[in-house]
Amino acid sequence: MSRSSAKADRAFGLKLVAPAMMLLAVLLAVPTVLTAVYSLHDVPASGSSFGPFVGIENYTIIFSSPVFWRSVQVTLTFSIGFVVLSTLIGLAMAMLLNQRFIGRGLARALLIIPWATPWLVIGILWKWFADGSVGGLNAVLLMLGLSDTYHPFLSDPNTALPITVIAAVWRQASFAGILLLAGLQSLPEELYEAAQLDGANWWQRFTNITLPWLKPVLITVTVFNVIYAFLQFDVVFAMTQGGPGDTTQVLSVLIYRQLFVNTNIGLGSALAVILGVVALVGGLMIVKMFYRREAL
């Protein structure tokens with residue numbers, strides 16, 4: 001009876017999720033398959049047909065293009081900074097907001113604001129903030145005596161990419177902080193009390209209690225951060241549109257230029273397939289790395 005009951009429960013569960021699965025199939029699976037098919041064809045600019053089949057020619061052109069490899073370099077630099085800073089700052093904010101202090105409730109409420117703000121709005125706000133003529137960032141640096149003139153951060157090849165990373169991190173760190181704070185809230189205080197009685201200092205409690213407890217949440221946060229990093233478009237495009245030159249041209253911006261500026265649908269689709277695979281593999285590698293360490 002237990003087996004038949006389990007089968008009935010599974011069948012009932014499938015019926016419940018069937019509408020959502022069909023909706024996801026229409027919204028995600030169909031465009032994904034079409035993108036993969038387009039990547040194997042020389043699609044006309046009108047997109048009215050698949051065009052002649054060219055096989056892996058689009059991929060060959062991409063992998064032999066210095067523009068692509070430059071974009072890969074920019075994407076990796078952006079992603080590493082984004083993932084590391086978002087995770088560490090989010091963890092620091094979660095640990096701070098887990099302490100008891102006056103105004104903690106207000107501080108926790110403020111943490112939600114960056115996360116609740118759309119990516120495109122974040123990009124526009126930070127574009128104004130880092131503006132070389134009237135931006136607040138320059139005003140703050142002048143007030144603190146760290147600069148004696150207004151600097152065009154977004155038109156300077158040396159500062160454009162770091163500023164876009166900081167802008168994206170400002171939003172994503174709040175998302176990481178919210179998840180990690182929820183994980184800390186479920187940590188029993190008795191573990192800390194027992195560790196203190198045993199003479200454990202702050203660092204020992206952090207490495208032996210806090211981090212192991214937060215490991216499942218950290219895996220989730222890191223995977224999300226990796227995916228968001230590789231697929232980031234809104235903030236970069238709103239702030240620099242990939243410039244100056246190709247300094248901030250991440251792969252998502254390169255895809256936009258190929259699809260909507262150059263109307264090269266086949267090549268743009270091949271780039272989208274490559275980016276999707278890279279993001280998927282990156283997320284899976286993070287999960288495997290964490291769970292491999294746990295098994296060891």
Side-chain angles (χ1 to χ4, degrees), residues 17 75-119 122 126 162 164-232 234-235 276 278-296:
V17 301
T75 304
L76 288 176
T77 304
F78 179 93
S79 300
I80 292 172
F82 179 86
V83 172
V84 173
L85 292 177
S86 296
T87 306
L88 293 181
I89 295 175
L91 178 59
M93 290 191 299
M95 295 189 65
L96 175 63
L97 294 177
N98 194 47
Q99 306 300 315
R100 293 187 177 89
F101 58 89
I102 298 175
R104 183 177 68 171
L106 176 61
R108 289 180 175 179
L110 292 175
L111 180 64
I112 301 175
I113 294 177
W115 170 73
T117 307
W119 284 106
I122 296 293
W126 273 84
T164 57
V165 171
I166 293 172
V169 166
W170 185 75
R171 182 190 187 276
Q172 191 65 13
S174 68
F175 171 75
I178 291 170
L179 294 184
L180 292 168
L181 179 59
L184 286 174
Q185 291 291 293
S186 65
L187 198 161
E189 293 186 5
E190 293 80 4
L191 295 178
Y192 284 131
E193 294 172 357
Q196 286 179 329
L197 291 175
D198 291 337
N201 57 32
W202 178 87
W203 178 251
Q204 290 171 329
R205 295 196 301 271
F206 175 73
T207 55
N208 295 302
I209 297 176
T210 305
L211 282 183
W213 185 271
L214 289 177
K215 187 173 184 178
V217 186
L218 278 171
I219 294 174
T220 302
V221 167
T222 307
V223 170
F224 271 112
N225 286 347
V226 169
I227 294 174
Y228 276 121
F230 282 111
L231 302 183
Q232 184 55 244
D234 305 67
V235 170
V278 169
L280 176 63
V281 171
L284 293 176
M285 286 177 62
I286 293 295
V287 173
K288 187 174 181 180
M289 179 181 67
F290 272 103
Y291 280 108
R292 178 181 294 177
R293 289 181 179 179
E294 183 177 0
L296 293 175

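Below, each value reflects all heavy atoms present in this structure, side chains not excepted, and no hydrogens, waters or symmetry copies. As the structure is a computational prediction, the values presented were derived from the model and not from experiment.
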Other residues, nucleotides, ligands: >12 heavy atoms within 6.0 Å of Q185 CD:
yes
Do the side chains of L91 and L214 get nearer than 4.5 Å, heavy atoms only?
yes
Polar contact flag, side-chain donor to acceptor under 3.5 angstrom, N225-S86:
no
Taken to the nearest 0.5 Å, the spacing of M93 CE from R108 CZ works out to 13.0 Å
Taken to the nearest 0.5 Å, the spacing of L96 CG from F101 CZ works out to 5.0 Å
Matching residue for F224 among F230, W115, F175 - test: ring pair (Phe, Tyr, Trp, His ring centres under 6.0 Å):
F175
Backbone N/O of L184 and side chain of W213: donor-acceptor pair under 3.5 Å
no
Within the 4.5 Å heavy-atom criterion, are V223 and I227 side-chain neighbours or not?
yes
Between atom CD of Q232 and atom OG1 of T75, what is the distance when rounded to the nearest 0.5 Å?
11.0 Å
Check G183 against S186 and note the closest heavy-atom contact, atom names and distance.
O-OG, 2.7 Å
Expected output: side-chain Q196 to main-chain E193 donor-acceptor under 3.5 Å
no
Can you tell me how far the CH2 atom of W202 sits from the CE atom of M95, to the nearest 0.5 Å?
5.0 Å
How far apart are the closest heavy atoms of V169 and G81, and which atoms are they?
CG2-O, 4.2 Å
How about CD1 on I102, more than 12 heavy atoms from neighbouring residues, nucleotides or ligands closer than 6.0 Å, or not?
no
CH2/W203: more than 12 non-hydrogen atoms of other groups inside 6.0 Å:
no
State, to 0.1 Å, how close A168 and V235 come at their nearest heavy-atom pair, and which atoms those are.
N-CG1, 4.2 Å
Using the side chain to side chain contact (heavy atoms under 4.5 Å, CB included) definition, which of the options L181, I178, L110 pairs with L97?
L181
Shortest non-hydrogen contact between F206 and P212, atoms and distance
O-CD, 4.4 Å
Testing the basics here: between V221 and A176, what is the closest heavy-atom pair and its distance to 0.1 Å?
CG1-CB, 3.5 Å
What distance separates N98 CG from R104 CZ, expressed to the nearest 0.5 Å?
7.0 Å
Just checking, any donor-acceptor pair under 3.5 angstrom between side chains of W126 and T164?
no
Which heavy atom in A229 sits nearest to a heavy atom in V83, and how many Å separate them?
CB-CG2, 4.0 Å
L211 vs L218 side-chain heavy atoms within contact, under 4.5 Å:
yes
Roughly how far apart are I113 CD1 and W170 CH2, rounded to 0.5 Å?
8.0 Å
